[in-house]
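Quick notes on the structure that follows.
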Amino acid sequence: MAREITYRDALREALREEMYRDERVFLMGEDIGAYGGSYAVTRGFLQEFGPKRVRDTPIAELGIVGAGIGAAIGGLRPVVELMTINFSLLALDQIVNHAAKLHYMFNGQFTAPVVIRTAAGFGQLGATHSQTFEHWFAHVPGLRVVMPAVPKDAKGFLKSAIRGNDPVIFIEHSLIYRNRGEVPDDEDFLLPLEGAEVRREGTDVTIVSWSRGYYLALGAAEELAREGIECEVIDLRVLRPLDIDTVVRSVQKTNRLVVVEEGWRTLAMGAEIAAAVQEKAFDYLDAPIARVGSLEVPMPYARNLERLVVPNKDQVVEAVRQVLYQKQPVAVG
Amino acid sequence: MDIPKEKLRWIYERMVMIRRFEDRVAQEFAAGKLPGFVHLYAGEEAIAVGVCAHLTDRDYITSTHRGHGHCIAKGVDVRSMMAELFGRSTGACKGKGGSMHIADVDKGMLGANGIVGGGPPLACGAGLMAKVKGTDQVAACFFGDGAAEQGTTHEAMNLAAIWKLPVIFVCENNLYAESTPWTYHCAASDIASRAAAYDMPGVLVDGTDVFAVYEAAGEAVARARRGEGPSLLECRGFRYYGHFQGDAVTYRTSEEEEECRRRDPIERFRQTVLSQGLLTEDELNAIDESVAREIEEAVRDAESSPMPSPAECLTDVYVDYPAAQLAFRH
């Protein structure tokens, strides 16, 4: 059985179920308790589970991530919420130099099963509050990085992340919390934290994206289908480990690839995907791989400017036409 | 002060073990046998030992880049430590950690830490765990005067204070943050008084006097075990060597060096216990000899131990590895 619920409710269910299932699980973060979380994911949790398990913290990202790691070493299962991914920069040292490395550096003596939930997104929030850094974390061995696009993945991944034994960077997106989708009823519904998924089959061009970018890709594919261009749409879902084989298999069929990402293209996921695909499927490519991303400027505040910077569906459509040689190549992003 | 004789022997043995270990590491490093960065703890023995004297294996400590002394005071086997420094498979972390990353889960040693200020939040986490589980475990957090200026230390002290965590913050003020004098990098006349900002006790202690450290740490640990929250100790002392081996120590005057040696923590301990008749010269000498033997064996063992196998490169990146076809290892 399955129900249709929102992305936010999928996350809420995952947290609640795991908190009931395992008393070692607790939540920690800024404004998650009395206030209910900046994106209302934990609304009501303080009343339901009490202050020991839903712990409001000072605004101190480095400190609370470090405390989460220490508590995880000690045997608890902390889920640390960083209000947005912009603020994860303040916690980078504990994430990169501690969470990701303790198990290896100390020869497996310690595990740090901490889940760090955070959210990307934009919406006239200005330059410091409109970023997406998933590839920074995906760069680091020792971390798992997931960025679900649909409610089913949000729930299955979060439950698996909490039950797993490795540190997980779990990245949500502020503009998809209300998106709805089917989620299985099973309280033990888990998804392995790996593997991309082909969500729309097609024969002409492969479009790869993740999180909110997946919806752009899907929108573009539907529009192009009306004129007979069939795009295969892959939701990457997990950025580390990167399931490049699913992308390669698709490219072997379509011979053309467009990568859609929300942030700057330079040295980001699209660059890695393009490099890996040419390594594994060079002879299958009939056109240079196209990357759609944001303009390489700090995010401007004004609505019209922000719209110019963030990638949109039309740009994805154009990129598809470009790899099909239906138009002159233009710089996108 | 009433310290049982066995504890006195333990204190002396651990302090001498740290000193001999560090002197030997300096020697091996100078001979080109040890790679990397080593930061030696000689001179600061009274701090680690005076604090850890109150801890059991179930208690936790977090450490620093200058972590050998903390390891030894917490009971980590010097053989596994020396082997780790030599990068051998018999090392505490199978040669994958090195001097700055020695940990021992069985001893509650949460790791020497290559990041200045890396430890304090982790100590809060360990303390939080103890509080949540309702145990009487505590976490002692060693950090230097340099780390006192990191934001992470402030964040951690505040967290520990608002949640009344069983954490003992032990600032080892050895007068220099690498080469920068603490009188330059610290705005106030001491670090201990910062405790007032977190509504916790703050005590300035002579870090060359193990009895003073023992007494102050005893109170802080007892307070933590009673569930009354964290404390801050500033233990002021000296490091005999440079910031790292190879540091020319151009920033310290010869008068300061002499002052260091005059207040040697091990000599002070000897004088006190001998003058008060607590331990005999023979007892102390016997400890010296057994420590010397142990260090000698540790070096011999380390040198004759195998390097880690190349396959170790790829182990323990994750607890649960994903399916093989995925690109973790590519």
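We name chains A, B, ... by the order of the sequence lines, and we start the count at 1 in each one.
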Residues B:Thr135 and B:Gln137: side-chain donor-acceptor under 3.5 angstrom: yes
Whether over 12 other heavy atoms sit under 6.0 Å from B:Ile162 CD1: yes
Contact leader toward chain A among B:Gly127, B:Gly118, B:Gly97, where contacts are heavy-atom pairs under 4.5 Å: B:Gly118
A:His103 versus chain B, the contacting section by heavy-atom distance below 4.5 Å: both
Structural part of A:Asp93 lying under 4.5 Å from a heavy atom of chain B: side chain
Under 4.5 Å from a heavy atom of chain B, the part of A:Ile64 involved: both
Top of A:Ala72, A:Pro167, A:Gly66 for chain B proximity - count of heavy-atom pairs under 4.5 angstrom: A:Gly66
Cation-pi, A:Phe26 ring and A:Arg77 (6.0 angstrom, 45 degrees): no
Heavy atoms of other groups near A:Tyr284 OH, more than 12 under 6.0 Å: no
Aromatic ring proximity B:His65/B:Phe244, centre distance under 6.0 Å: no
Charged tip of A:Arg237 within 45° of A:Trp210 ring normal and under 6.0 Å: no
Residue, of A:Gly68, A:Pro58, A:Pro192, that accumulates the most heavy atom pairs under 4.5 Å with chain B: A:Pro58
Leading residue by heavy atom contact count with chain B [cutoff under 4.5 Å; candidates A:Gly75, A:Ala71, A:Pro78, A:Gly164]: A:Ala71
Working for ring pair (Phe, Tyr, Trp, His ring centres under 6.0 Å), residues B:Phe142 and B:His70: CA-CA 8 Å; B:Phe142 294 99; B:His70 308 135; 4.3 Å; yes
Residue part contacting chain B, namely of A:Gln94, when any heavy atom lies under 4.5 Å: side chain
B:Leu110 versus chain A, the contacting section by heavy-atom distance below 4.5 Å: both
Chain A contact via B:Met100 - side chain, backbone, both or neither, heavy atoms under 4.5 Å: neither
Which portion of A:Glu23 sits near chain B, non-hydrogen atoms under 4.5 angstrom: neither
When B:Ala103, B:Cys124, B:Ala156 are compared by non-hydrogen pairs under 4.5 Å with chain A, the top option: B:Ala103
Neighbour count above 12 (heavy atom, 6.0 Å) for B:Lys131 NZ: yes
Which portion of A:Phe110 sits near chain B, non-hydrogen atoms under 4.5 angstrom: side chain
Which of B:Ile102, B:Asp104, B:Leu165 touches chain A most, by non-hydrogen pairs under 4.5 Å: B:Asp104
Structural part of B:Ala92 lying under 4.5 Å from a heavy atom of chain A: backbone
A:Thr57 versus chain B, the contacting section by heavy-atom distance below 4.5 Å: both
Minimum-distance pair of heavy atoms, taken over all atoms of A:Ala149 and A:Tyr214: CB-CD2, 3.9 Å
Residue, of B:Thr62, B:Ile115, B:Leu128, B:Leu159, that accumulates the most heavy atom pairs under 4.5 Å with chain A: B:Ile115
Cation over ring face, B:Lys96 and A:Tyr104, 6.0 Å, 45°: yes
Parallel, tilted or perpendicular: ring planes of A:His135 versus A:Phe133, cut at 30 and 60 degrees: tilted
